[in-house]
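Here the structure is laid out as C-alpha cells; the discussion comes afterwards.
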Amino acid sequence: MKNNNFWWQKIFDERYLKIYSFGITEERTNKELKFLLTFIKKKFKNRKIKILDLACGYGRHSLPLAENGYEVIGVDYSKYFLSLAKEKAKELKIKNVRFLRKDIRKINFKEEFDLVINMFNSFGYFDNNEDNIKVLKNVYESLKRGGYFILDLENPNFCWKFFLKNPQVTEEGFLYYEFKEPNKELDINTKVILDHVNRFVILQRKWEENGKENLWEGKFKLFYPEEILIYLKLIGFERIKIFGDFDFKKIFNKESSRMIFKAFKRG
C-alpha cells in the first residue's frame, strides 16, 4: 500500500460489502448486539439513554440499538455507507436515529452521550498516533459524567499467530500470509501483510469480476492492550476492564481473539 494518510476516505464503498460479506455475518452482528444490550441494561437499567456509534458504517449497530428504544447518533466518513444507513432507517421507519458525516478526529460533542461505542477495528486508522489519541479525547468529551465507552479491537497476539503458521516475507522484509476467501459469489485472494515497523496490518484483496481485475487495500493499526489502557487512563477514564470476546465471562488474556475495552467517565 502506498503511503497515503487519507486511504481510509476511499475504501468503504460497495466493494467493501462484497468482499467482507463472509466476515460480517448476521450471527456475528447478533453476538455483538447481545453484548451491547446486556451491558446497557446492566449499567443503565431501564433508562432511555443516548448513544454515539463512532465509525458507524452502514448502521449495523446503530439501527438495532435504535429499534430497542435508544436515541442514537451514528457518525461516519463514508457517504456510501451513510446513504445505506439512512435508507434503511427510512425503510424501517426508525425516527430515533440520526446519521452524520464527520471526521472522527473533529467531532465536538460536549457531554451529550451516556454511551459511546467504536466497533470492529474502527480505531487506529491514522498514521499519526496523536490523531488516534485525539479520537479518544473526543470520546471522553462527548460522554456525560457517569457515561461509558466500549472499544472493540483486534488482539495483536491472536493476530500474529497466523503469520507464524506458514511465514513468508515480502521484498520489504514484512511477514505475510495469503488465503482464499470463503465467498460464494467471488473468487477472492487475500494477502495479509504485517508492517512490524509501523505496527499496521495491511489487507490486499484481489478478485476478477465481469472480466475486470479488482484490487481493494486497507489497513489497521495493532495496539498492545497496555498501550490503550495507558491512553484511556491518561485521558481520565476509570474502571477500565478488558473482555476477550463478546461474552462477559471471557476476561481478556493472551489467546483472546478480541480486546473489548469498557471504560467509565467519573460521575
Side-chain angles (χ1 to χ4, degrees), residues 1 20 22-25 27-39 42-43 54-55 61 115-127 129 131-133 135-136 139-140 148-170 172-179 181-182 190-204 218-264:
M1 173 176 281
Y20 262 94
F22 78 97
I24 308 176
T25 62
E27 180 184 2
R28 180 189 185 111
T29 299
N30 288 339
K31 189 177 181 182
E32 293 168 351
L33 284 168
K34 183 180 178 182
F35 177 91
L36 292 172
L37 289 169
T38 301
F39 177 81
K42 181 180 178 182
K43 297 297 180 183
L54 205 58
H61 303 101
L115 175 66
V116 178
I117 62 172
N118 184 253
M119 308 293 290
F120 197 58
N121 299 327
S122 298
F123 175 77
Y125 286 173
F126 307 113
D127 290 352
N129 205 39
D131 284 338
N132 294 317
I133 296 170
V135 173
L136 296 179
V139 168
Y140 189 83
Y148 285 89
F149 177 38
I150 298 288
L151 174 62
D152 166 37
L153 296 173
E154 190 97 34
N155 176 12
N157 287 315
F158 183 83
C159 185
W160 287 333
K161 72 180 184 181
F162 292 100
F163 293 96
L164 300 176
K165 283 184 178 179
N166 185 24
Q168 301 179 73
V169 183
T170 67
E172 297 83 6
F174 298 151
L175 287 174
Y176 77 92
Y177 66 92
E178 294 182 278
F179 64 95
E181 300 282 8
T190 293
K191 185 174 183 179
V192 187
I193 304 167
L194 177 62
D195 175 352
H196 61 273
V197 177
N198 299 298
R199 235 188 310 146
F200 271 105
V201 171
I202 301 166
L203 302 173
Q204 296 178 340
K219 65 179 182 177
F220 62 90
K221 192 173 183 68
L222 290 175
F223 291 94
Y224 295 112
E226 296 84 0
E227 192 174 8
I228 298 293
L229 276 170
I230 289 170
Y231 294 156
L232 293 174
K233 286 182 178 180
L234 287 174
I235 289 166
F237 283 104
E238 301 179 9
R239 301 186 203 169
I240 303 166
K241 193 170 185 178
I242 317 176
F243 301 98
D245 197 355
F246 293 99
D247 183 337
F248 288 101
K249 296 177 183 176
K250 295 183 179 177
I251 303 303
F252 175 78
N253 62 51
K254 191 174 171 182
E255 302 301 317
S256 299
S257 60
R258 311 296 300 169
M259 300 192 302
I260 306 165
F261 292 83
K262 176 212 76 174
F264 175 74

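Everything quoted here is computed from the prediction, not taken from an experiment.
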Are [X] and [Y] side-chain neighbours, meaning at least one heavy-atom pair lies under 4.5 Å?
{"X": "L33", "Y": "F246", "result": "no"}
{"X": "L115", "Y": "K43", "result": "no"}
{"X": "Y177", "Y": "K165", "result": "no"}
{"X": "N121", "Y": "V201", "result": "no"}
{"X": "R258", "Y": "E154", "result": "yes"}

Identify every side-chain donor-acceptor pair in residues 220-228 under 3.5 Å, counting partners at least two apart or on other chains, and give the distances.
from: K221; atom 1: NZ; to: N198; atom 2: O; distance (Å): 2.9
from: E227; atom 1: OE1; to: R199; atom 2: NH1; distance (Å): 2.6
from: E227; atom 1: OE1; to: Y224; atom 2: N; distance (Å): 3.3
from: E227; atom 1: OE2; to: Y231; atom 2: OH; distance (Å): 3.1

Task: Check: F261 ring centroid to F149 ring centroid under 6.0 Å - done: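 No, the ring of F261 stays outside the 6.0 Å limit from the ring of F149, centre to centre.
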For [X] and [Y], work out which heavy atoms get closest and say how close.
{"X": "F174", "Y": "V197", "value": "CE2-CG2, 3.9 Å"}
{"X": "T25", "Y": "R28", "value": "OG1-N, 3.0 Å"}
{"X": "V192", "Y": "F163", "value": "O-CE2, 3.3 Å"}
{"X": "F123", "Y": "L153", "value": "CB-CD2, 3.9 Å"}

With sequence neighbours excluded, what pairs up with [X] under the ring-ring contact (aromatic ring centres under 6.0 Å, His included) test?
{"X": "F248", "value": "F35, F243"}
{"X": "F120", "value": "none"}
{"X": "Y176", "value": "none"}

Sub-3.5 Å donor-acceptor pair from the side chain of [X] to the main-chain atoms of [Y], do we have one?
{"X": "D245", "Y": "S256", "result": "no"}
{"X": "N253", "Y": "E255", "result": "yes"}
{"X": "N118", "Y": "L151", "result": "no"}
{"X": "D195", "Y": "F200", "result": "no"}

Any chance you could measure [X], atom [atom1], to [Y], atom [atom2], to the nearest 0.5 Å?
{"X": "L203", "Y": "K219", "atom1": "CG", "atom2": "NZ", "result": "11.5 Å"}
{"X": "F179", "Y": "T190", "atom1": "CZ", "atom2": "OG1", "result": "4.5 Å"}
{"X": "R239", "Y": "Y148", "atom1": "CZ", "atom2": "OH", "result": "5.0 Å"}
{"X": "H61", "Y": "I150", "atom1": "NE2", "atom2": "CD1", "result": "11.5 Å"}
{"X": "Q168", "Y": "K191", "atom1": "CD", "atom2": "NZ", "result": "8.0 Å"}

TODO: Please identify each residue that fulfils side-chain contact (heavy atoms from CB on, under 4.5 Å) with K233, with sequence neighbours left out.
DONE: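 In terms of side-chain contact (heavy atoms from CB on, under 4.5 Å), with neighbours along the sequence ignored, K233 is linked to I240.
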- [ ] With sequence neighbours left out, write down each residue that passes side-chain contact (heavy atoms from CB on, under 4.5 Å) with L37, or none if nothing qualifies.
- [x]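 Once residues adjacent in sequence are excluded, the partners of L37 under the side-chain contact (heavy atoms from CB on, under 4.5 Å) criterion are L65, N68, Y70.
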TODO: Go through the steps for K31 and D247 under the test side chain to side chain contact (heavy atoms under 4.5 Å, CB included), then give the verdict.
DONE: CA-CA 9 Å; K31 189 177 181 182; D247 183 337; 5.7 Å; no
Task: Neighbour count >12 (heavy atoms, 6.0 Å) for atom NZ, K34 - done: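 Atom NZ in K34 is not packed in, count stays at 12 or less.
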Open item on the list: Take a 6.0 Å sphere around CD of E27 and say whether it holds more than 12 heavy atoms from other residues, nucleotides or ligands.
Closed with: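 No - once you tally the heavy atoms of other residues, nucleotides and ligands closer than 6.0 Å, there are 12 at most.
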- [ ] For a side chain to side chain contact (heavy atoms under 4.5 Å, CB included) with V139, tell me which candidate from I235, L54, L232 qualifies.
- [x]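 Of the listed options, the one satisfying the test is L54.
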